[in-house]
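For reference, the structure discussed in these notes is given below.
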Amino acid sequence: MRLVWTVGLVSAGLSSKVLANQWNMPVGVTDVSREIHSLHMIIFWICVAIGVVVFGALFYSLFRYRRSRGARASNFHEHTTLEIVWTVVPLLILVAMAIPATATLKKMYDTSEADLDVMITGQQWRWRYSYLGEEVAFTSNLATPRSQVEGKSAKSENYLLEVDEPLVLPVGQKVRLLMTSDDVIHSWWVPDLAVKQDAVPGFVNENWVRINEPGIYRGQCAELCGKDHAFMPVVVKAVEPPEFESWLAQRKEAAAQAALGVDREWALEELMTRGEQVYATICASCHMPDGQGSPPAFPALAGNQTMLDDADYHIETVINGVSGSAMPAFRSTLNAVELAAVITYERNAWGNDTGEAIQPARIAELIDSP
Amino acid sequence: MDRQFLEGRRRGVRRTVARTLVALVLMGCFAIALVPLYDVFCEVTGLNGKTASRAQALSAQSADQTRLVTMQFITRSSSGLPWALTTETRQLRLHPGQSAEVSFTFHNLGNRPYVARAVPSVSPSEASVHLRKLACFCFENQRLAAGERFEAPLVFQLTRDLPEDVKTVTLVYTLYEQQVSLSRHSAMQRPGGET
Amino acid sequence: MASHLPTGSSASQQQSGAAEMTSDTHHSGPTGLMRWLLTTNHKEIGTLYLLFSLAMFFIGGLFAMVVRAELFQPGLQLVQPEFFNQMTTMHGLIMVFGAVMPAFVGLANWMVPLQIGAPDMALPRLNNFSFWLLPVAFTMLLATLVMPGGAPNFGWTFYAPLSTTYAPPSTTFFIFSLHLAGISSILGAINIIATILNLRAPGMRMMDMPLFVWTWLITAFLLIAVMPVLAGVITMMLLDIHFGTSFFNAAGGGDPVLFQHLFWFFGHPEVYIMILPAFGIVSVIIPTFARKRLFGYASMVYATASIAILSFLVWAHHMFVVGLPLTAELFFMYSTMLISVPTGVKVFNWITTLFRGSLTFEPPMLFALAFVVLFTIGGFSGLMLAISPADFQYHDTYFVVAHFHYVLVPGAVFAIMAAVYYWLPKWTGHYPHLRLSQWHFWLSVVGVNLTFFPMHFAGLAGMPRRIPDYSLQFADFNMITSIGGFLFGLSQLLFVLVVVLCVRGGRKAPAQAWEGAEDLEWTVPSPAPLHTFETPPDFTPYRH
Amino acid sequence: MWRVIQSVLAAFFGVQKESRRTEDFTHGRGFVFIVVGLVMAALLVGLLVLVASLAAE
């Protein structure tokens, strides 16, 4: 008997855990997400109740009026009162559903003053975050190594839901999120925050979030945006405001440090090491880790004669992108050092061996507009 | 079989087909008309954060001193265009009804001339009908020679009837290269024609 | 399925291909392949449509199997993301435009003239033309798979600018094939409208028509209304791609969101185009096997019309997260919720028809009942999706995939199968093999639910749609879904077996193949001869 | 005219008496019903817009 109880309790505990985490919509960590969750559950239970009645009547008829049990068909085929009832009752139920839904929606469209504005830009296939008025901007790329995707190494716990640089936000503050895109439509989604908003090229959308609890919240791009749609996760790290302030200061410091590196002469090896990292996070998804690309959409870089013969063309393409193609402009995505490093890497890796080192100073001239 | 009966049916079929064809043509026209209708609808309601594409007159009204609205400016340029669009004024606070001028700088960092246009978008979209632009570089294409720099003003006003709950208005300009005639109206007349 | 041929010796040749068709006594036109190419007979064209749709069902199904195999476990095992996207896109396009719609048109061709007592469709030659556009269109669409850059890879909704500026070169062929399929649908719709409005047996009023005819009439009007919009939107895409316009490109003053408005203005009525004839089929089958008149015949007609009208007012519920103003969100939420009223009326009417009937469960009835139950489940998830704030969480997840597969597979597809089982005796003169049909039914029901039910959970847990690889917490759901998918896919081979066996032989069916069946088609012999109702039948409305 | 409106309303609602329906289909003119139906559909849209904008206030 005790065994039965134990098993029962354990399985109840397990199922509630499963139900809480993985089978249902997350409750989330914002007021809006909680409201949406409860709205979802209300509608769900209403549907279950209607389902019980409707399917109950259906299966009752199926069992009760089988001909094999000798049922004889009666011949009624109209009943105006009944028909009015089953038109009016659903209408009333719908009104009952619409009232809380309208209230929640109005809260989601609240435009009161925000404490922080973040611009989110979708790009095939990464997110770029810039903190408006703070001079802090960075891109956030998938951190899961290719080997895990290809099954060559064990998959980590947050497989496909991990990034190199998460979006850091302060808890308890209203953050306004502005969304746009550089190329195709993306959709920025974090289930725990109940924010999903399309990022439309050339247009700007907004949403907002006020996170109640510190933590790491994961989501992904929700709108088909090309081949690596599955590989552009969103990670939000919510921290206490003081921690956020110090993080912001640190980011500014790091940006200043990076700017210092622009003026000095860099050695080829140094650029190659840095460039290899940049290539792996940014370029390898299209041009492939071995530089072979996947023509015609993504040309090969290894042995690409046009690119090797004309360094200016190469630099220009990386900085400004190619309009109307999947090649974005990296002018504002990468800094001068990263651009110089990755271009140097591309000109010397996979047997390209030009021996040329492109200096960050040369790049800086082309991207700055003093 | 009755000849008259068959003839009657045939006439009926012909009439039905004629009517459905008319309906079909009407729906076809409607489908085409949806595009300009959408534009008008957007301009009237500010749907999608679109703004007027022509200079508007300053609406003569005194500033609403009781509230201040934050106006933000964001500049971006699209891929394939080696231009920078910048402004010193990232953000300013003003009263609805008040007009203001902000200066933007275009800089062609490339080594050949380009034609480009800054395409505006406003968020929240409710605010876009209340943003009146008296002068804007976004109404026309800009042509800059290699290395050329060009300064252009935006003179605007947020009208007094801006909804109370709008506290921040963001205006984003995205620079797009205009190689061929990309305006759909001119291109409809001359498909693929260069401007 | 060429039922008009004498059964017996030539029966074995019938299914072995059109090329071997022998001429028959009724027909003195061209023989062999040419006969099928040039036929203007509604029954033969109906058969062609159905066979075409069956072929497309298997091709689209094959693509779905590729998708499910890749999603069997996390990681990339079989295909690359580019190809995965081509598979999802082609699966959707083929199933919507190549399988479900032609199947309904095929059923209409076969059954509408028989149900209204007409000798043929009103425009027989046009009928032939509209069918033969389809193989051309879909050959072209399938050919994009081997073109450089691959097939369309932007989803069946082909949102700009992914489908314009960033699309593979084959997109032009995709647009052209969709144009052809659209023209085919429009011509088919004109033909059906002309037939229903003019060729009814003398004495048959509109309100005497079987519901399958009614729902098809309304569907045909929907087709006339929205196919021009589809044609317009894909033409604009073509202009954007090749002629430098920018309807959907912000760079030239266009708007990618305009594409979505136009697409869904077509797309939502299109969804009903795929379900209204299914309502009609079920409304014909349930009374037959309940041996009782359909409850609320008039309400059924009105509800169908209401759904058709409302379908034009709800399109932006597909776009709740695209950045609509609050008023628009509320408008589309309310209008979408309203649709559940007429839909509910239909379900209640079916159940009340069963109530106090005398029920038997032949294969068509099994599929029709499964339709009622599973379509209602799809209706519930549809109601949840209509709630705009909640849709911010559901949108573009597997919850949506679960929803529309519930209304389209156990919805539209099960209704088509119910119709095939119901009318096979009329087409072939034989009853389908009972045991095999039952096996097909139960395996399909289990397969469908195993495939699509776990998708609800995957979606709620946060799995976006159209991804070739997913994080580990979705692994269990996906494995079950894939197993269910393979089961459902394989069990459809049984369906082909049943049809082939039924064409070759089986228990002979009388003119009135089902005891409770009372529409006009059951007054002609089984199999139906090539030419029927050349003299209009005497119709006495039994209903009123 | 009032009869037509009543009948169209009943159609929108989806419930109608058999006798009334038979009468409409025998005596009524289809064209009138279609026009009234379209007007009513437009009114429905207007009503929904009104409700939505009131709710959005």
Side-chain angles (χ1 to χ4, degrees), chain A residues 22-25 36 39-40 43 47 51 54 57-58 61-62 65-67 71-74 77-78 83 86-87 90-91 94 98 101-102 104-105 108-109 149-151 155 159-161 184-185 187 191 194 196-198 200-203 205 220 222-224 226-230 296-297 324 326, chain C residues 74-76 81-82 85 148-149 155 159 161-162 165-166 250 256-257 291-293 295-296 299 321-323 326 329-330 333-334 337 340-341 344-345 347-348 351 354-360 376 380 383-384 387-390 392-393 395-396 457 460-462 464 466-469 471-473:
Chain A
Q22 312 224 292
W23 290 62
N24 201 353
M25 181 190 286
I36 289 179
L39 191 62
H40 157 73
I43 310 285
C47 286
V54 170
L58 174 71
S61 305
L62 292 189
Y65 301 108
R66 276 174 296 160
R67 188 152 71 148
R72 293 275 194 84
S74 57
H77 54 87
E78 249 193 4
E83 291 184 55
W86 70 40
T87 312
L91 262 176
L94 288 180
T102 307
T104 305
L105 195 64
M108 294 166 73
Y109 272 73
V149 176
E150 284 160 0
K155 294 181 172 46
Y159 175 69
L160 296 187
L161 293 177
V184 299
I185 301 174
S187 193
K196 184 188 282 144
Q197 196 75 59
D198 282 0
V200 183
F203 292 85
N205 260 334
Q220 20 187 343
E223 181 66 65
L224 178 63
K227 81 180 178 75
D228 280 357
H229 166 52
Chain C
L76 293 178
E82 298 92 322
N85 288 344
Y159 279 8
L162 189 62
T165 318
Y166 297 86
V257 178
R291 291 164 185 81
K292 183 163 161 274
R293 278 174 61 184
F295 184 86
S299 321
V321 305
V322 87
L326 179 59
E329 297 256 342
L330 289 172
M333 173 167 79
Y334 298 154
M337 290 169 85
S340 56
V341 175
V345 165
V347 175
F348 300 145
I351 293 175
L354 295 169
F355 185 73
R356 292 176 58 197
S358 171
L359 310 179
T360 51
T376 307
F380 286 143
L383 183 56
M384 294 172 79
I387 309 294
S388 149
F392 275 80
Q393 291 280 44
H395 183 82
D396 263 335
F457 301 123
L460 290 175
R466 294 165 168 163
I467 55 174
D469 194 6
S471 57
L472 303 178
Q473 77 255 36

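Below, chain A is the first sequence line, B the second, and so on; all start at residue 1.
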*Does a side-chain heavy-atom distance below 4.5 Å link A:Glu83 with C:Phe295?*
yes
_C:Ser471 side-chain N/O to A:Leu161 backbone N/O, donor-acceptor pair under 3.5 Å_ = no
_Contact winner vs chain C - A:Pro90, A:Gly151, A:Gly226, heavy-atom pairs under 4.5 Å_ = A:Gly226
*asked:* Please identify, among A:Leu160, A:Leu39, A:Val54, the residue contributing the most non-hydrogen atom pairs under 4.5 Å to chain C.
replied: A:Leu160
*Interatomic spacing from CD1 in C:Ile387 to OG1 in A:Thr102 - rounded to 0.5 Å*: 8.5 Å
_Flag, side chain of A:Lys196 to backbone of C:His395, donor-acceptor distance under 3.5 Å_ = yes
_Looking at A:Pro191, is its backbone amide N or carbonyl O close enough to the side chain of C:Gln393 to form a donor-acceptor pair, meaning the two atoms are under 3.5 Å apart?_
yes
*Highest number of heavy-atom pairs under 4.5 Å with chain A: which of C:Pro389, C:Gly155, C:Ala250, C:Pro74?*
C:Pro389
*asked:* Any side-chain to backbone donor/acceptor pair from A:Gln197 onto C:Val321? Under 3.5 Å, distance only.
replied: yes
_Aromatic ring pairing C:Phe355/A:Tyr65, orientation class (parallel under 30°, perpendicular over 60°, tilted between)_ = perpendicular
*Verify, without hydrogens or angle tests, whether A:Asp198 (side chain) and C:Gly323 (backbone) share a donor-acceptor contact under 3.5 angstrom.*
no
*Choice from C:Met384, C:Glu82, C:Gln473, C:Arg356 maximising heavy atom contacts with chain A below 4.5 Å*: C:Arg356
*Could you tell me which non-hydrogen atom of A:Pro201 sits nearest to which non-hydrogen atom of C:Pro256, and how far apart they are?*
O-CG, 4.0 Å
_Using 0.5 Å steps for rounding, measure from the CG atom of C:Leu460 to the NE2 atom of A:His40._
5.0 Å
*Where do C:Arg291 and A:Ala73 come nearest, in terms of heavy atoms and distance?*
O-CB, 3.0 Å
*Between C:Val322 and A:Ser187, is any pair of side-chain heavy atoms under 4.5 Å apart?*
no
*Does one side chain, of C:Glu329 or A:Tyr109, offer a donor that lies under 3.5 Å from an acceptor on the other?*
yes
*Side chains of A:Tyr159 and C:Asp469: does their closest heavy-atom pair fall under 4.5 Å?*
yes
*A:Asn205: what forms a side-chain hydrogen bond (donor to acceptor under 3.5 Å, both in side chains) with it, not counting sequence neighbours?*
none
*Between A:Ile36, A:Leu105, A:Ile43, which has the largest tally of heavy atom pairs under 4.5 Å with chain C?*
A:Leu105
